[in-house]
*Asks:* 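Before anything else, here's the structure in question.
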There are 2 protein chains.
Amino acid sequence: MGQLSRLIEPVLLFLLARKGHSYGYDLAAELPAYALGPEPVDRTTLYRCLRQLETHGHLVSHWDLPTAGPARRVYCVTASGRQHLQEWMRALELFSGTLDRLLREARILESPVEESLTT
Amino acid sequence: MGQLSRLIEPVLLFLLARKGHSYGYDLAAELPAYALGPEPVDRTTLYRCLRQLETHGHLVSHWDLPTAGPARRVYCVTASGRQHLQEWMRALELFSGTLDRLLREARILESPVEESLTT
DNA sequence: GCAACTAGATGTATTTCGCACCTAGTTGCA
DNA sequence: TGCAACTAGGTGCGAAATACATCTAGTTGC
């Protein structure tokens with residue numbers, strides 16, 4: 001397996017909407033809690049996803065120069081981004097419904113086998 | 001959006017496990033009912049996924065030559081394939097749990113906004 | 001003075017995916 | 001007879017997504 005879609009775009013939008021604003025390195029630390037799939041997300045994918053959301057107008061960024069440490073590119077969700085997040089959530093609701101049905105019906109397949117006595 | 005992972009591998013394994021055996025064109029017709037995502041799945045992707053599952057030993061195929069119509073490559077799930085399906089289902093259970101939590105927490109974000117009076 | 005950590009970025013190879021296109025058998029109809 | 005529509009499978013290629021390696025640069029602690 002392994003190729004559970006990264007699907008990090010909606011998670012990033014969600015985290016940013018909830019936190020108000022954040023930056024890549026920080027989001028990378030929060031992502032595992034919501035990452036859809038077990039494999040850790042590559043930082044490159046995350047940075048590029050943020051940049052792409054910005055070019056699409058869903059985020060805006062500015063440089064934050066903390067008194068200590070390297071500069072951070074801080075992102076905020078725009079109105080367009082909030083709308084995009086809601087579209088994502090509608091899509092994910094459907095996704096979730098289909099997935100649950102699949103899991104339910106797959107469990108029915110598994111249960112009646114019981115070949116433990118044939119050993 | 002659009003890139004809700006195709007995630008068709010577990011669906012194909014599930015459908016084949018339930019039906020006993022089937023072929024690409026038929027599975028393509030059943031897929032939309034379980035497709036995780038709204039966009040229709042390209043037939044190329046489906047055929048290639050079946051071939052890949054076969055090279056990994058999760059499926060076996062033989063040619064069926066019906067009295068009417070073109071030949072069909074009929075697939076059956078192997079023992080390895082059934083095991084693989086169960087692994088997939090375990091992964092998708094986790095996936096579903098995380099997804100539901102994301103949806104729940106995102107709904108909390110949306111609800112309290114209510115800017116309808118500011119127009 | 002150097003290792004470890006924070007923070008962001010690029011460049012490139014690989015993988016995945018979708019589109020266009022092809023073969024071939026059958027059915028229906030004009 | 002000819003051809004459109006449908007069934008059934010497949011290939012080749014380009015675009016997009018992804019992963020890996022590598023780079024710069026500031027700070028902290030030893």
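First the proteins, then the strands, lettered A, B, ... as listed; each starts at 1.
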*Asks:* May I ask you to verify if any side-chain N or O of B:R72 is less than 4.0 angstrom from the OP1 or OP2 atom of D:dG9?
*Replies:*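 No, outside the criterion.
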*Asks:* With side chains defined as the heavy atoms from C-beta onward, is the minimum distance between A:F95 and B:L103 less than 4.5 Å?
*Replies:*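 No - every pair of side-chain heavy atoms lies 4.5 Å or more apart.
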*Asks:* Is A:S61 reaching over with its side chain to a backbone N or O of A:V74, donor-acceptor style, under 3.5 angstrom?
*Replies:*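 No, because the side chain of A:S61 does not come within donor-acceptor range (under 3.5 Å) of the backbone of A:V74.
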*Asks:* Rounded to the nearest Å, what distance is computed from the CG atom of residue B:L7 to the P atom of nucleotide C:dT16?
*Replies:*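 Atom-to-atom, B:L7 to C:dT16, this comes out as 13 Å.
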*Asks:* Can you tell me how the ring of A:F14 sits relative to the ring of A:Y34, calling it parallel under 30°, perpendicular over 60° and tilted otherwise?
*Replies:*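 Judged by the thresholds at 30° and 60°, the geometry between A:F14 and A:Y34 is perpendicular.
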*Asks:* Give each stem of DNA chain D as a range with a range, requiring at least 3 consecutive Watson-Crick or G-U wobble pairs whose two distances are under 3.5 Å.
*Replies:*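 The stems are C:1-30 with D:1-30.
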*Asks:* Under 6.0 Å from the CD atom of A:Q83, do we count more than 12 heavy atoms belonging to anything else shown?
*Replies:*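 No, because the 6.0 Å sphere around CD of A:Q83 holds 12 heavy atoms or fewer from other groups.
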*Asks:* Starting from C1' on C:dT6, measure out to CG on A:L46 and report it in whole angstrom.
*Replies:*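 To the nearest whole Å, that distance equals 15 Å.
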*Asks:* Could you state the atom-to-atom distance from CG of A:L53 to P of D:dA17 in whole Å?
*Replies:*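 In whole Å, D:dA17 P and A:L53 CG are 12 Å from each other.
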*Asks:* Describe the nucleic acid contact of A:R43 in one word from base, sugar-phosphate, nothing, applying a heavy-atom distance below 4.0 Å.
*Replies:*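 Contact class for A:R43: base.
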*Asks:* Between A:K19 and A:E30, is any pair of side-chain heavy atoms under 4.5 Å apart?
*Replies:*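 Side-chain contact under 4.5 Å: yes.
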*Asks:* Any non-hydrogen side-chain atom of B:L12 less than 4.5 Å from a side-chain atom of B:L59?
*Replies:*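 No - every pair of side-chain heavy atoms lies 4.5 Å or more apart.
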*Asks:* Atom CG of B:L50 and atom C1' of D:dG9: how far apart are they, to the nearest Å?
*Replies:*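 Nearest whole value for this atom pair: 11 Å.
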*Asks:* Roughly how many Å is it from CG in B:L27 to P in D:dT7, rounded to a whole number?
*Replies:*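 For the pair B:L27 CG and D:dT7 P, the rounded distance is 15 Å.
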*Asks:* Counting side-chain heavy atoms from CB outward, which of C:dG18, D:dT18, C:dA24 is closest to B:T45?
*Replies:*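 Of the options given, the side chain of B:T45 lies nearest C:dG18.
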*Asks:* Under 4.0 Å between a side-chain N or O of B:Y47 and OP1 or OP2 of D:dG10?
*Replies:*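 No.
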*Asks:* Would you kindly give the CD-to-P distance between A:E30 and C:dA7, to the nearest whole Å?
*Replies:*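 From A:E30 CD to C:dA7 P: 13 Å.
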*Asks:* On DNA chain C, does the nearest nucleotide to A:W63 precede the nearest nucleotide to A:R48 from the 5' side, or the other way round? Give the residue.
*Replies:*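 Going by which nucleotide is closer to the 5' end, it is A:W63.
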*Asks:* Under the criterion side chain to side chain contact (heavy atoms under 4.5 Å, CB included), I'd like the reasoning laid out for B:R72 against B:Y25: C-alpha separation, chi angles, the key distance, then a yes or no.
*Replies:* CA-CA 8 Å; B:R72 301 165 173 172; B:Y25 197 85; over 6 Å; no
*Asks:* In whole Å, I'd like the distance from the CD atom of B:E9 to the P atom of C:dC17.
*Replies:*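 So the CD-P distance, B:E9 to C:dC17, works out to 10 Å.
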*Asks:* Please work out if A:T67 contacts a base, only the sugar-phosphate, or nothing of the nucleic acid, heavy-atom cut-off 4.0 Å.
*Replies:*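 Sugar-phosphate contact only - A:T67 comes under 4.0 Å of backbone atoms but never of a base.
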*Asks:* Looking at the side chain of B:P70, which of D:dT28, C:dG25, C:dA7 is the nearest nucleotide?
*Replies:*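 The answer is C:dG25, which lies nearest to the side chain.
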*Asks:* Distance check needed: D:dT24 C1' versus A:R73 CZ, whole Å only.
*Replies:*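 Rounding to the nearest Å, CZ of A:R73 and C1' of D:dT24 are 15 Å apart.
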*Asks:* Quick one: on DNA chain D, does A:T44 or B:Y23 contact a more 5' nucleotide (nearest heavy atom)?
*Replies:*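 With A:T44 and B:Y23 compared, the 5'-side residue is B:Y23.
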